[in-house]
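First the proteins, then the strands, lettered A, B, ... as listed; each starts at 1. Just the heavy atoms: all of them, side chains too, but no hydrogens, waters or symmetry mates, feed the values below.
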Amino acid sequence: MRVLILPTPRHFNFWRTIYSHGWCSLPPFRVEKEHIRLRRLLTLPGGHVVAAIIRENEKGSLSIILPADKTIGKKDCDAIRASIRTCLRFDEEYSEFYTEARRHKEYRWIPKAGAGRLLRAPTVFEDVVKMICTTNCSWALTEIMVGNLCTKLGVQVNESLFTFPIPEAIAEKNESFLRKEIRSGYRAPYLLELSRRVAKGDVHLESWRSSSLPTEELFEEVRSVKGIGPYAAGNILKLLGRYDYLGIDSWCRKKFFEIHKNGRTSSDKVIERFYEPFGKWRGLFFWLDVTKHWYDKKFPF
DNA sequence: GCGTCCAGGTCTACC
DNA sequence: GGTAGACCTGGACGC
């Protein structure tokens, strides 16, 4: 066993970040509730796969626990640290967001709780594929699709651990396989087209995280991927660190009207007007608003 | 066990 | 620009 220590930024809350949305329950993430830790499979630049366990220490740091493996060198350790920092959003600046939250009595809980960081995958490709798998279906079906992608197209590490597939692994399959084996239904051609474009180098999803494009233009670029509409694009932008879009889905819509309108439903324009004053942070205020109740429990799901 | 209906976002064709 | 219908699956429900 080998342990890397990773210092955490100010206002960082480990469990709120892990449970910021549903990604922690989709492989290759896995919450190990009995040990109060997160497991994540990481594919290193040389192709080597490592099962990392991330645990919170008592004060201001995390432990990344790796298997005893002499082939994991210093460069690999740096890559592992970088991956975890990326997933947990260590390099993003939230002080402006917290200042905005403190201005509103009903949102002062946010900086106190250290909420706001949304868990993401090491790669944009994984985030985008997973987001397509959340569209127009139940969460149970999303879990089935992502589970199948990993077990049938990922790299097997042990009996129950599989990596998320690389674009090439999906690209070399056909639509019928994705429909029948992955159970992705009509999303199959979307996943196939995206994977083939990424594998061929026609589209560079990873550059979205450092894009200098104005958010509206980046939104349109994300929307240009087949299968990604306003909901999916809005939520992908949140994982890219841009919170200007709400990314409303049926669950959030229902929750908003329960919280703010006594359950009386209305149009999405009402929701958009409600969060307009929060400017470029409105998507994050919206998400934290509708999920605030999750944190009444240590393990919300 | 089987058939029917519904919910869930996005795309395409049409107005 | 707005709208209707198709896409596909799992789950709920009735028989």
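Under the ring-ring contact (aromatic ring centres under 6.0 Å, His included) rule, F97(A) has a single partner from F285(A), W287(A), Y243(A), which is F285(A).
Spacing between atom CG of D249(A) and atom C1' of dT10(B) amounts to 14 Å, rounded to whole angstrom units. Taking atom NZ of residue K254(A) and atom P of nucleotide dG9(B), one finds them 13 Å apart after rounding to whole Å. Protein atom CH2 of W139(A) is 13 Å distant from nucleotide atom P of dG9(B), rounded to whole Å. If you take CD1 of I132(A) and C1' of dG8(B), they are 16 Å apart, rounded to a whole angstrom. Put simply, CH2 on W251(A) is 13 Å from P on dG8(B), counting in whole angstrom units. Note: CD (E143(A)) to C1' (dG10(C)) measures 13 Å, nearest angstrom. In this structure, OH of Y190(A) is placed 10 Å from P of dT10(B), rounded to the nearest angstrom. One can place CG of D268(A) at 13 Å from P of dG2(C), the figure rounded to the nearest angstrom.
Of all nucleotides listed (dG9(B), dG11(C), dC11(B)), dG11(C) comes nearest to the side chain of A140(A).
A donor-acceptor pair is defined here as one N or O able to donate and one able to accept, closer than 3.5 Å; no such pair exists between the side chain of E32(A) and the backbone of E34(A).
Within 4.0 Å (heavy atoms only), A232(A) reaches sugar-phosphate atoms of the nucleic acid but no base atom. Contacts of S250(A) with the nucleic acid, taken as non-hydrogen atoms under 4.0 Å apart, involve only primed sugar atoms and P, OP1 or OP2.
Look at R85(A) and D91(A) and you find a salt bridge, because one of the NZ, NE, NH1 or NH2 atoms lies within 4.0 Å of a carboxylate O, short of that distance. In summary, K280(A) and E96(A) engage in a salt bridge, as defined by a charged side-chain N under 4.0 Å from a carboxylate O. Of the charged side-chain nitrogens involved, none lies within less than 4.0 Å of a carboxylate oxygen, so that D78(A) and K75(A) do not count as a salt-bridged pair. Residues E258(A) and K255(A) are paired through a salt bridge, judged by an N-O separation under 4.0 Å between the basic side chain and the carboxylate. Ion pairing between E100(A) and R103(A) holds under the 4.0 Å rule for side-chain N and carboxylate O.
Note on W15(A): it clusters hydrophobically with L284(A), by side-chain heavy-atom contacts below 4.5 Å among ILVMFWY residues.
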What does the list of N/O pairs under 3.5 Å between the protein and nucleotides 6-9 of chain C look like, with a distance for each?
from: dC8(C); atom 1: OP1; to: R179(A); atom 2: NH1; distance (Å): 2.3
from: dC8(C); atom 1: OP1; to: R179(A); atom 2: NH2; distance (Å): 3.1

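For the pair W281(A)/Y275(A), no side-chain contact is recorded, criterion being any heavy-atom separation below 4.5 Å from C-beta on.
If you check residues 213-224 of chain A against DNA chain C, you find no residue with a heavy atom closer than 4.0 Å.
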